[in-house]
Structures are given as C-alpha cells and as structure tokens.
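Report on one structure; see the data block that follows.
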Amino acid sequence: QVRVMDSGGGLVQPGGSLRLSCTTSESVLSFDAMGWYRQTPGNQRDLVALITSSGDTSYADSVKGRFTISRDNARNRIYLQMNTLRPEETAIYYCYADHPPTRFWGRGTQVTVAS
C-alpha cells in the first residue's frame, strides 16, 4: 500500500512563512502528479498546487507568486513553501499523490494564520 505522510503545519503570524513536507513510501517519480489541497470546516477541499512527474508546476490563482511547490527526488519528498500567509488561508492542508486510477492522500496538517 502506498503511504503519503504530510507534515509541517503550525501557527504562523499573518505575513509569515511556513514550509510543508510530504513524504511517500514510493519514489515521487512513480506518480503522475503530486500536490496539495486545503480545506476549512464546512467547505470543499480546494487544490492549492501540484507538480507532475516531469516537473511541471501549477498553482491556484490565489497563491501564485507566494507559494512554491518543489520536489526532492532522493528523499521521496515534496514541499510547499508558503510565504506572505493570510488569515483566510488557515486550513488543513492535505498532500496527495496520483497513480491512476488511484489518488493517495495524506492525513492532513493544520496551518493556522493568526496574530
């Protein structure tokens, strides 16, 4: 069974930065894509960023220019560097990895942006 383990959440002040990590039990290159969603209570889970097996990246409009997704192939890991964080970005952030027809999910890591 493929395992996806996300981590790195915590409390940060508005305007601050945080880096999330996601480690997989398989090579990150074995997945068609990996990325991050976020979800607040009562709301849907929205895509934040993704990276394909070839290294192409994509971002939600609201985070472009502030967030960066990257990959460390040797450590079976992807990262989400989040800068200039806003209070409305408080959410549980979930890592995912796609290996069609299956999408594998991490358990989520809480990010709280508050003074």
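Bear in mind the structure is a predicted one, so any value in this text is a computation, not a measurement.
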Side chain to side chain contact (heavy atoms under 4.5 Å, CB included) with Leu18: of Leu80, Val111, Leu11, only one passes, and it is Val111
Would you mind listing every salt bridge (charged side-chain N to carboxylate O under 4.0 Å, His left out) that reaches into residues 99-110, with sequence neighbours excluded? Asp98-Arg103
One should read off an interatomic distance between Ser25 OG and Gln1 CD, to the nearest 0.5 angstrom, of 8.0 Å
Can you tell me how far the CG atom of Asp6 sits from the CD atom of Gln110, to the nearest 0.5 Å? 12.0 Å
Ignoring hydrogens and angles, tell me if any N or O in the side chain of Thr90 forms a donor-acceptor pair with the backbone of Val113 under 3.5 Å. yes
Sidechain-backbone polar pair: Arg77 side chain, Asp72 backbone, donor-acceptor under 3.5 Å: no
Atom CD of residue position Gln13 - does it have more than 12 heavy atoms of other residues, nucleotides or ligands inside 6.0 Å? no
Say whether Ile51 and Leu20 are linked into one hydrophobic cluster, either directly or through other cluster members, by side-chain heavy-atom distances under 4.5 angstrom. yes
Testing the 3.5 Å rule here: is there a donor-acceptor pair between the side chains of Asn83 and Ser17? yes
Between CD on residue Glu26 and CZ on residue Phe104, distance to nearest 0.5 Å: 8.5 Å
Can you classify the ring geometry of His99 versus Phe31 as parallel (below 30°), tilted (30 to 60°) or perpendicular (above 60°)? perpendicular
Say you draw a straight line from CD of Glu88 to OG1 of Thr40; how long is it, rounded to the nearest 0.5 Å? 11.0 Å
Let's go through Arg66 and Arg86 carefully: what are the C-alpha distance in whole Å and the side-chain angles of both, what is the deciding distance for side-chain contact (heavy atoms from CB on, under 4.5 Å) to 0.1 Å, and is it a yes or a no? CA-CA 11 Å; Arg66 297 186 298 116; Arg86 303 165 179 171; 3.5 Å; yes
Any donor and acceptor pair, going by atom type alone, linking the side chain of Tyr59 with main-chain N or O of Ile69 inside 3.5 Å? yes
